[in-house]
Amino acid sequence: MQKSRLSLALLATTLSVTAVAQVQTWNIDPNHTAAQFSVRHLGISTVRGAFTKVTGTVQYDPANPAKTVIDATIDANSIDTRVEMRDNDLRSPHFFDAAKFPTLTFKSKKVEAAEAGKLKVTGDLTIHGVTKEAVLDVEGPSAPIKDPRGNQRMGASASTKINRQDFGLTADSGMVGDDIPITIDLEMVQPQPK
């Protein structure tokens, strides 16, 4: 009887440790990640741009995606629409006011499995000092692979659409469209054990 209790206790401990070990920490690789967006200009054309500096972490459990936690930060000064004058205007108090609000952030609150290979991630998106709930449709993450240096890597792509007016970005209404589709292509790397 004593042996069977001890065996059950060991089994429970092993299962508990295994469950904890499933959650993996991944760092967003800023060199292979960007947040792209598009906006209508005068209702007749589309201007595309990107924030090129994205950092953060993803806690991911492949056996239970609902345990996933995403914490991402975008550098507002990294905006790039390929026109320097326009980029400077976007960084100014006229739009993002990057000196006062240097980052855009996304912090997940809920992750749900969608169809095969896809997730729906709900979280708080903060832009220009205003926080609103946003839902990301995520393709992936991909199965991990090992890069030539021996690091584990995986990728995903997330998309959403926001209304810029909701975040206090109200300048040039009528000239600049309000609905902004966003796509984030990200690559994650797993820190090497020290």
Side-chain angles (χ1 to χ4, degrees), residues 28-58 65 68-115 117-142 155-188:
I28 294 173
D29 180 354
N31 295 327
H32 298 98
T33 299
Q36 289 106 179
F37 61 88
S38 61
V39 60
R40 297 289 288 168
H41 179 247
L42 295 173
I44 58 171
S45 65
T46 299
V47 173
R48 302 183 191 279
F51 291 94
T52 59
K53 292 183 181 173
V54 183
T55 58
T57 58
V58 177
T68 300
V69 177
I70 301 165
D71 189 346
T73 299
I74 297 169
D75 182 347
N77 282 296
S78 72
I79 195 164
D80 181 9
T81 65
R82 301 170 312 283
V83 177
E84 185 178 359
M85 188 170 72
R86 181 171 56 212
D87 293 344
N88 289 336
D89 188 36
L90 289 168
R91 293 183 190 107
S92 79
H94 197 213
F95 281 97
F96 286 99
D97 199 356
K100 187 175 179 182
F101 306 106
T103 60
L104 296 73
T105 61
F106 180 81
K107 297 180 187 302
S108 66
K109 300 190 294 190
K110 180 172 74 169
V111 177
E112 306 166 275
E115 54 192 273
K118 297 187 178 181
L119 301 171
K120 190 170 284 295
V121 180
T122 304
D124 287 330
L125 176 63
T126 301
I127 301 174
H128 195 243
V130 178
T131 301
K132 297 283 183 184
E133 188 172 272
V135 179
L136 303 180
D137 293 311
V138 179
E139 288 191 31
S142 64
S157 181
S159 61
T160 191
K161 185 184 280 188
I162 63 167
N163 185 311
R164 70 184 181 100
Q165 301 273 347
D166 293 342
F167 294 90
L169 300 172
T170 57
D172 296 339
S173 194
M175 185 166 72
V176 177
D178 290 334
D179 291 328
I180 314 290
I182 300 168
T183 300
I184 304 168
D185 292 310
L186 70 152
E187 188 169 307
M188 296 158 280

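When a residue number appears, it is its place in the shown sequence, counting from 1.
- Listed by chain and residue number, nothing satisfies the side-chain hydrogen bond (donor to acceptor under 3.5 Å, both in side chains) test with Glu115 (two or more places apart in sequence, or in another chain).
- With sequence neighbours excluded, no residue satisfies side-chain hydrogen bond (donor to acceptor under 3.5 Å, both in side chains) with Lys110.
- Residues passing the side chain to side chain contact (heavy atoms under 4.5 Å, CB included) test with Leu42, sequence neighbours excluded: Ile44, Met175.
- Inter-residue side-chain proximity for Leu136 and Phe106 is flagged as met; some heavy-atom pair is nearer than 4.5 Å.
- Between the CG atom in Asp137 and the OG1 atom in Thr160 there is a gap of 7.0 Å [rounded to 0.5 Å].
- Residues forming a side chain to side chain contact (heavy atoms under 4.5 Å, CB included) with Lys161 (at least two apart in sequence, or on another chain): Asp179, Pro181.
- Under the side-chain hydrogen bond (donor to acceptor under 3.5 Å, both in side chains) criterion, Asp124 pairs with Lys109, sequence neighbours left out.
- Sequence neighbours left out, the pairs with a member in residues 34-43 that pass side chain to side chain donor-acceptor pair (under 3.5 Å) are Gln36-Asp185, Arg40-Thr46.
- Residue Thr183 comes nearest to Ser159 through the heavy atom pair OG1-CB, 4.2 Å, listed as atom of the first residue, atom of the second, then distance.
- Closest heavy-atom contact between Ala156 and Val138: CB-CG1, 4.1 Å.
- For residues 162-175, the pairs satisfying salt bridge (Lys or Arg N to Asp or Glu O under 4.0 Å) are Arg164-Asp178, with sequence neighbours left out.
- In this structure, the side chain to side chain contact (heavy atoms under 4.5 Å, CB included) partners of Val58, at least two apart in sequence or on a different chain, are Trp26, Ile28, Tyr60, Thr68, Ile70, Met188.
- Looking at every heavy atom in both residues, Arg82 comes nearest to Arg48 through NH1-O, 3.0 Å.
- Every residue two or more places apart in sequence or in another chain was checked for a side-chain hydrogen bond (donor to acceptor under 3.5 Å, both in side chains) with Asn163, and none qualifies.
- Residues forming a side chain to side chain contact (heavy atoms under 4.5 Å, CB included) with Ser142 (at least two apart in sequence, or on another chain): Met154.
- Thr33 OG1 to Lys53 NZ: the interatomic distance, rounded to the nearest 0.5 Å, is 14.0 Å.
- Paired with Thr103 under the rule side-chain contact (heavy atoms from CB on, under 4.5 Å), one option of Thr73, Asp75, Thr55 passes, and it is Thr73.
- Considering only heavy atoms from C-beta on, Ile162 comes within 4.5 Å of Ile127 through its side chain.
- A distance of 7.0 Å separates CG in Leu125 from CG in Leu104, rounded to the nearest 0.5 Å.
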Side-chain polar contacts of residues 87-102 - donor-acceptor pairs under 3.5 angstrom, sequence neighbours left out - could you list them?
from	atom 1	to	atom 2	distance (Å)
Asp87	OD1	Thr81	N	2.9
Asp87	OD1	Thr81	OG1	2.5
Asp87	OD2	Thr81	N	3.3
Asn88	OD1	Arg91	NH1	3.0
Asn88	ND2	Glu84	O	3.4
Asp89	OD1	His94	ND1	2.9
Asp89	OD2	His94	ND1	3.3
Arg91	NE	Asn77	O	2.9
Arg91	NH2	Asn77	O	3.3
Arg91	NH2	Ile79	O	3.0
Ser92	OG	Asp89	O	2.6
Ser92	OG	His94	N	3.1

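- Lys107 is linked by a salt bridge (Lys or Arg N to Asp or Glu O under 4.0 Å) to Asp71, counting only residues two or more places apart in sequence or in another chain.
- Put simply, the side chain of Ser78 gets close to the backbone of Thr52: a donor and an acceptor are under 3.5 Å apart.
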